[in-house]
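In this text, all values refer to a predicted model and were calculated from it rather than measured experimentally.
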Amino acid sequence: HCLGSRSSDRSASLPPIAFWRTVVGMHTLSQSPHDTTDLDLWSTARLTASAERSDSRIVFGYGSLIWKVDFPYERRFPCHIHGPFARRLWQKSADHRGTLEFPGRVATLVRQGGAAPEEQRSSSGIWGVAYVIPKGDLEKVLLDRDSMDEVRRMCRYLAPFFSQYDLNGDNSIDFEEFRMILKDVNENLPREAQWQLFKAADADNSGNINFEEFVACLMAFALDPTNEVKESGQHRRCRTLPKKIMDAEAAEPVEGEESDEEAEEEDEAEQPKRVWRPGVDEVADGEQLDVEPGTYDMLHRAEVEWPCLSIDILRDDLGAQRTSYPMTAYVVAGTQAKQASDNRIYVMKWSKLYKTAKDGKESDDDDEESDEDSADDHEALLESKGIPHPGAVNRVRSMPQAPHIVATWADTGSVHMWNVLSMRKALDKPPEKAPPVPTPIYSCDSHKGEGFALDFNPAETGRFISGGDDGKIFLWDPVQGGWNVGADTPFAAHEGSVEDVQWRKLGAGCESTFASCSSDKSWRVWDVREKNRKKSAIHVPDAHSADVNVLSWSPCVGELLVTGSDDGGFKIWDTRHVSAGPMANFLWHRKPITSVDWHPSDETVLAVASEDNSVSLWDMAVEDDRAEGSEAVPGEAHFPAQLLFLHMGQQDPKELRWHPQLPSVCVCTAGSGFNIFKTCNI
């Protein structure tokens, strides 16, 4: 239906609504299963004078397909029609669903009268979505048959599967049958989230999903690039279509396709498939592991002269939660050069980060030649400025409140503070003359030996902590012209080297609470307000069976902490109930854990890097509903249900960070260089 129009004056209210029945056969009133006289169906086109003079039309969608439209529009907004109207599946249609011999039923609007039960009447009108379309584009939109052809095609594919899930044969799917669909596509959602999905698909609030709603629901999954369902303030990942449905679509014959290709595909399909298991299966001579096209929304690689042991994100002013491509990221890293004099702090700008979901797909030679120029235009760009550093850089951190202030742990035993603002600005606008090479604005030589543990306080600007191999942790309080380092009153309770420290990110007391982990197999939580610096607020001895290398506080749930160990395992702890042991314990990686980081906005997702040359992404909210001992594909049981993604290809990964301003984008540094990537399922 089209609802009148909107005035060219945006401040004016909408004119009185007048309905216009389209004349392209989308809804044919003469095929109504009931007498149109009694039900007062819309049978004539009426436009007000003000609507005729307007420069646009408003299309009102009140059926299930309002969730996904493919016609151009200026803007959309939810709205409702005032009056005694009701939405009924009473109108027959052969071009939306069904055939001429057996037309389907589609939604239409009727005036509520004697034909509708009293309890079904609604005096508040019908809710839907309005789409504002320029007047000149309206006819083209209504006559565009591509969307109708797509619906018909999907109906052909989905009809047999609808019957398969309709166990009681009532031409509709109830909630329990809907749950079977989610199980078949491996959507391990809680019952509450499943009910939320079911209600969203049940557009007419009948308590069941008819075939039209079934098609609309699955098409929305397939066509929506985010494929996310919001549940209790967080986002849950959803797949697109059941694999057997996608197989049916892929099996559609293509005119002119050679029969030998079909036979070859059949032969490949008959061959047994299995999941390759890292650390278990070997890559044979002459074989190599390749990236599967489409598993990444974005994947780019970069290298500098020397490998970098540590990396951090430089926050920028380009905007928060940026999702459009190409992306831009600013990064700082420190090198591990063979000669001490060759070490550098690299301030980098990675730009032209385009989507790379199609990278690796084969193409014809002609296509490669024609796309050569465009491929060059879309090549990612790495720009960097190097700052000489005294010794190798063990760890680098940027201050969240002032990203140009950077701290480094040198293998010489010193902790340095740097101001890299001039280098950062030079990446965006090269100066007429080279900027002066920065030197440390402050240094501390009080640690006895080198170390790795550094962190800036996210709640209090300038407050800083450093931990070394001497087992001591220093608190740095900012003062005029530098820092006051508490070298005389260190936090000293660990019996081994301090491997990592991090300030609490969320909750009461985050400006004064930090955690530390050590080679003594323990982790501790400290309160800087405690005068006894040998007394920690929380102490978990023997947290792992080997050195505890890294830890990370959750930025979404302030009490959660994840730790990673030399034993290849990582554990999640609730600091309110440490006596109960870890909430989760995953001993999956086969070599030491080198880095862990919580997702900045998804409270159940985290990333883990390991010396087994892999980076794993996990979702702790996923429940394993697989039957014990069962495998859909041989080798599947090797992977826990909570493992969302396994990123490989980097040699000796050392540190990873989620980008706080690029949602679900991860940056990892390794002996073989840098990777910046976004997977298809987060």
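Within a 6.0 Å sphere centred on CD of E495, heavy atoms belonging to other residues, nucleotides or ligands number 12 at most. More than 12 heavy-atom neighbours from other residues, nucleotides or ligands sit within 6.0 angstrom of NZ on K199. By the neighbour-count criterion of 12 heavy atoms within 6.0 Å, atom CG of D488 is sparsely surrounded, having that number or fewer from other residues, nucleotides or ligands.
Comment: K472 does not engage D470 in a salt bridge, judged by the lack of any side-chain N to carboxylate O separation of less than 4.0 angstrom. Taking 4.0 Å as the cut-off between side-chain N and carboxylate O, R463 and D477 count as a salt-bridged pair.
With contacts defined as side-chain heavy-atom distances shorter than 4.5 Å, the pair Y330/T328 qualifies. Two residues are said to be in side-chain contact when any heavy atoms from C-beta on lie closer than 4.5 Å; H389 and T335 fail this criterion. The side-chain heavy atoms of R504 and T575, taken from C-beta on, include no pair separated by under 4.5 Å. Counting heavy atoms from C-beta outward, N343 and W306 have side chains that stay 4.5 Å or more apart. I572 is listed as a side-chain neighbour of L606, based on a closest heavy-atom distance under 4.5 Å. Between R315 and S398 the shortest side-chain heavy-atom distance does not fall below 4.5 Å. By the 4.5 Å heavy-atom criterion applied to side chains, M298 and Y325 are counted as neighbours. Looking at F464 and L454, their side chains come closer than 4.5 Å, going by heavy atoms from C-beta outward.
Side chain of D500 to backbone of C517: no donor-acceptor contact under 3.5 angstrom is found. Here the side chain of H494 pairs no donor or acceptor atom with the backbone of G496 at under 3.5 angstrom. Although no hydrogens or angles enter the test, the distance criterion places a donor-acceptor pair under 3.5 Å between the side chain of T669 and the main chain of C308. A donor-acceptor pair under 3.5 Å links the side-chain atoms of Q502 to the main chain of W553, judged by distance alone. Here the side chain of D597 pairs a donor or acceptor atom with the backbone of W658 at under 3.5 angstrom. A donor-acceptor pair under 3.5 Å is absent between the side-chain atoms of T408 and the main chain of A410, judged by distance alone. Under the 3.5 Å distance criterion, the side-chain polar atoms of W418 are left unmatched by any main-chain donor or acceptor of P438. Checking side-chain atoms of N613 against main-chain N and O of D652 turns up a donor-acceptor pair under 3.5 Å. Of the possible donor and acceptor atoms, none in the side chain of E499 sits under 3.5 Å from a partner among the backbone N and O of A453. When atom types are taken as modelled, the side chain of T594 and the backbone of P653 share a donor-acceptor pair closer than 3.5 angstrom.
With values rounded to the nearest 0.5 angstrom, S595 atom OG is found 12.0 Å from E611 atom CD. Atom SG of C510 is separated from atom CG of N457 by 7.0 Å, given to the nearest 0.5 angstrom. Taking SG of C668 as the start and CG of N675 as the end, the distance is 6.5 Å to the nearest 0.5 Å. Between S554 atom OG and D602 atom CG the span is 9.5 Å, to the nearest 0.5 Å. Between H544 atom NE2 and D520 atom CG the span is 12.0 Å, to the nearest 0.5 Å. One distance of note links CH2 of W409 with CZ of R395; it measures 11.0 Å at 0.5 Å rounding.
In the model, S497 has a side-chain atom that pairs as donor or acceptor with a side-chain atom of S519 under 3.5 Å. Using modelled atom types, one finds a donor on one side chain and an acceptor on the other under 3.5 Å when comparing S310 with E655. S536 and R524 are linked by a side-chain donor-acceptor pair at a separation below 3.5 angstrom, with hydrogens and angles left out of the test. Q321 and T323 share no side-chain donor-acceptor pair at under 3.5 Å. A donor atom on one side chain and an acceptor atom on the other are found under 3.5 Å apart for S466 and W476.
The stretch residues 557-580 participates, sequence neighbours left out, in these ring-ring contact (aromatic ring centres under 6.0 Å, His included) pairs: W523-W573, F570-F586, F570-W618.
The aromatic rings of F645 and Y296 stand perpendicular to each other, their planes meeting at an angle above 60°, with 30° marking the opposite boundary. Ring geometry, F198 versus W195: the interplanar angle falls under 30°, so the pair is classed parallel (tilted spans 30 to 60°). Classified by interplanar angle (parallel below 30°, tilted 30° to 60°, perpendicular above 60°), the ring pair H447/F474 is parallel.
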Stepwise side-chain contact (heavy atoms from CB on, under 4.5 Å) check, F674 with V304: CA-CA 9 Å; F674 307 109; V304 289; 3.9 Å; yes
side-chain contact (heavy atoms from CB on, under 4.5 Å) assessment of H647 paired with T679: CA-CA 9 Å; H647 172 74; T679 66; 6.0 Å; no
side-chain contact (heavy atoms from CB on, under 4.5 Å) evaluation trace for F491 with V498: CA-CA 11 Å; F491 298 89; V498 177; over 6 Å; no
Steps toward side-chain contact (heavy atoms from CB on, under 4.5 Å) verdict (I405, N419): CA-CA 5 Å; I405 302 299; N419 186 342; 4.2 Å; yes
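Checked against D316 for a salt bridge (charged side-chain N to carboxylate O under 4.0 Å, His left out), the options R424, K349, R322 give a single hit: R322.
Here S614 pairs with H589, D612 under the side chain to side chain donor-acceptor pair (under 3.5 Å) rule; sequence neighbours left out. Listed by chain and residue number, S516 satisfy the side chain to side chain donor-acceptor pair (under 3.5 Å) test with W526 (two or more places apart in sequence, or in another chain).
Smallest separation of non-hydrogen atoms from P600 and P660: CG-CA, 4.4 Å.
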